[in-house]
Amino acid sequence: MREYLKKLNAVQKKAVLQTEGPVLVIAGAGSGKTSVLTARIAHLIDSGVPIDSILAITFTNKAAGEMKTRVQQIVGNYGRMIWISTFHSFCVRLLRQEIDAGGVYSRNFVIYDESECEIIIKECLRELNFDDKRFKPSYVRGIISRSKNEMQTYKKFQELAVDPFEKNVGEIFELYTKKLIENNALDFDDLLLITVELLKKNTEVLKKYQSKFKYILVDEYQDTNHVQYLLTKMLAKVHHNIFVVGDVDQSIYGWRGADIKNILDFEKDYPEVKIINLEQNYRSTQIILDAANCVIKNNNERRPKNLWTENHSGEKVISYNAIDERDEADFIVRHIRELHELNEKYSDCAVLYRANSQSRAIEEGFLRAGIPYSIVGGYKFYERKEIKDVIAYLKLLYNQSDSISLQRVINVPRRGIGGTSMKYLREYAINNNISLFEASSRADEINQLTGKARTAFSEFSLLMFKLAGEQGKRELPDFIDYILRETGCLAELELAKTPENDARVENLKEFIGVAQDFVKSDTDGSVAEFLTHIALVTDLDKAESEDDRVKLMTMHSAKGLEFPYVFIAGMEEGLFPHARTLMNEREIEEERRLCYVGITRAMKRLYLLRSRVRSIFGQISVNTCSRFIDEIDSVHLEESEGQGVSWSKDKRLHTMPITAYAVSTRTHFDGKEALLKKTNSTATSAWRCGDKIVHNEFGNGTVVEVKGEGEKMLMKAVFPGLGIKSLMAKFAPIKKI
DNA sequence: CGTCAAGCCCTTTTT
DNA sequence: GGGCTTGACG
């Protein structure tokens, strides 16, 4: 028997070997579903199934990447060719081939992220003369998104609209749709929606993919939305070999349109389905599982299951009542340090939280202590201004209809083109039914423009033609470098030597590095694929597990992962469950499932932390303990008696003026990297993490991060009471002490 | 046209 | 507490 089969238990093996017909695997947390999925793929290949007739769909790129790696480990390099991807990247791949069959978009479409979509919505509001206070772009975008996830286009939405507000949203929706088409741009939801529409309308294309994919596997099926449901159903219609894996208790994307019914009703869709329950947990101790079960059993909307383990009972779940978020962070730091002294790896520890905004306080704790950490997800590299600017140049060069990108870069660097000139340009473009790009090349025909603006537009379009001429001639990283130099983006940043500009230049270099990695990876190295890559692959996906760092992330991001030591921070009513869910029982249940996901990430030891006082929006708020802690039977819990835990502290809290906690000890810094990066040339190799230094201005401090060497060396140091400062060792007035 | 300060609303989670 | 828009001024 094959090695990968030997490792499986009887039930898992059954799931792997049942290759024909629909199969539903109910996989409890930690029951080895990834092993089952990879073994099944390997088994299919072993049985002679052609590799290009297997389609595996996951929810995150990270999961897809991991599965690909594991399949390759079993079947060898040949496994590279397999279709393992997220729904979204699968759809892009299909659309790049087929989208012109729909007759609306062309293959060089670009993908708009949320902020770009909101800009479009703002344009719609302006044109329709709607108030952007009443129709908040982010809110309207949410409505449109949910609607598309329900497979509703604007026409359907307009039919269903009852009140005046909805009717107005329907108008916005319609104009929004038209504008995306004009820009030859798709939003995230379109990637799925347009694919399904295309397959529905175009039977030739549908047949092609239906017959191609003989075996379809879908991971995290409980998180599929209606469009995704339709897509899998259509693709599986001919061969009926559809294998879905999921766990109702881990459904945490209802707010994104995920519908638990898809998994609950799978049997109705496929009456001949084989149902397999994976109930043995290999991950956690008995006590951790008990705690998780205590919480989840309070949900009504679920299918009871019996998750069990042969693991020993283990340690009790440790709870801690922190005074404030700084105390909470310090508790985590103390305990991780302790674990590290006992030879546990930093990378075996994870801190999970409900909202990204919680990462700040915890991050500061790690910086103070000099503990290496990395934040997964959250504020993204690709959202930095300078990065978005280069991407916009690439997008515009790739797709000249993209007016959003044009408007982003037209005055970057400053070319003296302002709002008034842009207004005339837009009017001209609309009147002549041409793109902004074409309008700018015909600026001399626009009478209202000042001579200066006319020249600026003409020079801009000449520059773009020049850049476009180099596209394809140069390798991608070189092309990006060329853009940065020719446009003057780089020169503008290098003009004024500020730490901020230095950081931006460093970020741009890192972006070129991303392009270099991309070219080396398994792609065609084209601008098209690169743009798709950066639109769909967030830095969440490059969680470098090999280096020894504590991982910080939301519980959503943590799904599918496991860690020996897990800290869940912010177990407070209003934060978790989040205040915005408190009014609605269904949403509370989703929060509870999220808690279940969080708890079941832990293998050996779980810490549940809560803070009595927390500052939210710069306001101090006092929170009570999360109901989820109360739901855990106290026999599984043990209150930590570390510093600041006892009643005496608690009483002291009430006698102290609460504003005392509002005092911030940190100076402002812009993201982890932005202001912290500097370069250095002299005696740089002398600096190491943990070095105590004295700075002429800031006083005593500790080096917490050193990156690069020689000219490229970047360092970060923390100064008590001042926070983290970025230092250019070359210029910084620092001495080792 | 560009800059700066005051005031706004906000953060739930992500492909 | 902070990022973004707005409006006054140079």
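Predicted model, so just to flag it, every value in this text is computed and none were measured. Just so it is clear: chains get the letters A, B, ... in the order the sequence lines come, proteins before strands, and each one is counted from 1.
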Check: Looking only at side-chain N and O atoms, does A:S357 come under 4.0 Å of OP1 or OP2 in B:dT12?
Finding: no

Notebook entry, point to check: Do we count A:H556 as stacking onto B:dT13 if the rule is ring centres under 5.5 Å and planes under 30°?
Noted result: no

Atom pairs under 3.5 Å, N or O on each side, protein against nucleotides 7-10 of chain C: can you list them with distances?
none

Check: Does A:F173 have any ring-ring contact (aromatic ring centres under 6.0 Å, His included) partners at least two apart in sequence or in another chain, and if so, which?
Finding: A:F157

Next item on the list: List in chain and number order the residues that pass side chain to side chain contact (heavy atoms under 4.5 Å, CB included) with A:S145, two or more places apart in sequence or in another chain; answer none if no residue qualifies.
Entry: A:R141, A:N149, A:D189

Check: Checking all strands, does A:F87 fall into the base, sugar-phosphate, or nothing category for heavy-atom contacts under 4.0 angstrom?
Finding: nothing

Next item on the list: Would you indicate what A:F576 reaches in the nucleic acid, counting non-hydrogen atoms under 4.0 angstrom: base, sugar-phosphate, or nothing?
Entry: nothing

Margin query: Measuring to OP1 and OP2 of B:dT12, would you say a side-chain N or O of A:T581 lies under 4.0 angstrom away?
Written below: no

Please write out each protein N/O paired with an N/O of nucleotides 2-4 of chain B under 3.5 Å, distance rounded to 0.1 Å.
| from | atom 1 | to | atom 2 | distance (Å) |
| --- | --- | --- | --- | --- |
| B:dT3 | OP2 | A:R414 | NE | 3.4 |
| B:dT3 | OP2 | A:R414 | NH2 | 3.3 |

Next item on the list: Using a 4.0 Å heavy-atom cut-off across all strands, classify A:E114 as base, sugar-phosphate, or nothing.
Entry: base

Note to self: A:E123: which residues meet the salt bridge (Lys or Arg N to Asp or Glu O under 4.0 Å) condition with it, sequence neighbours left out?
What the structure shows: A:K179

Notebook entry, point to check: Which residues pass the side chain to side chain contact (heavy atoms under 4.5 Å, CB included) test with A:T581, sequence neighbours left out?
Noted result: A:P577, A:H578, A:E587, A:I588, A:E591

Item checked: Contacts of type side-chain hydrogen bond (donor to acceptor under 3.5 Å, both in side chains), residue A:E220, not counting sequence neighbours -> A:K33, A:Q222, A:K559

Margin query: As a test of understanding, state which of A:E492, A:E494, A:E386 forms a side-chain hydrogen bond (donor to acceptor under 3.5 Å, both in side chains) with A:R504.
Written below: A:E386

Notebook entry, point to check: For A:K385, what residues pass the salt bridge (Lys or Arg N to Asp or Glu O under 4.0 Å) criterion, not counting sequence neighbours?
Noted result: A:D389

Next item on the list: Using only side-chain N and O atoms of A:N61, determine if any of them is under 4.0 Å from OP1 or OP2 of B:dT15.
Entry: no

Check: Do any of residues 115-153 of chain A sit with a heavy atom less than 4.0 Å from DNA chain B, and if so which?
Finding: A:K136

Checklist line | Listed partners of A:L594 passing side chain to side chain contact (heavy atoms under 4.5 Å, CB included), at least two apart | finding: A:I252, A:R354, A:M555, A:H556, A:F576

Note to self: Does anything in residues 415-424 of chain A form a side chain to side chain donor-acceptor pair (under 3.5 Å)? List the pairs, not counting sequence neighbours.
What the structure shows: A:Y393-A:R415

Checklist line | Any residue meeting salt bridge (Lys or Arg N to Asp or Glu O under 4.0 Å) with A:E585, in chain and number order, not counting sequence neighbours | finding: none

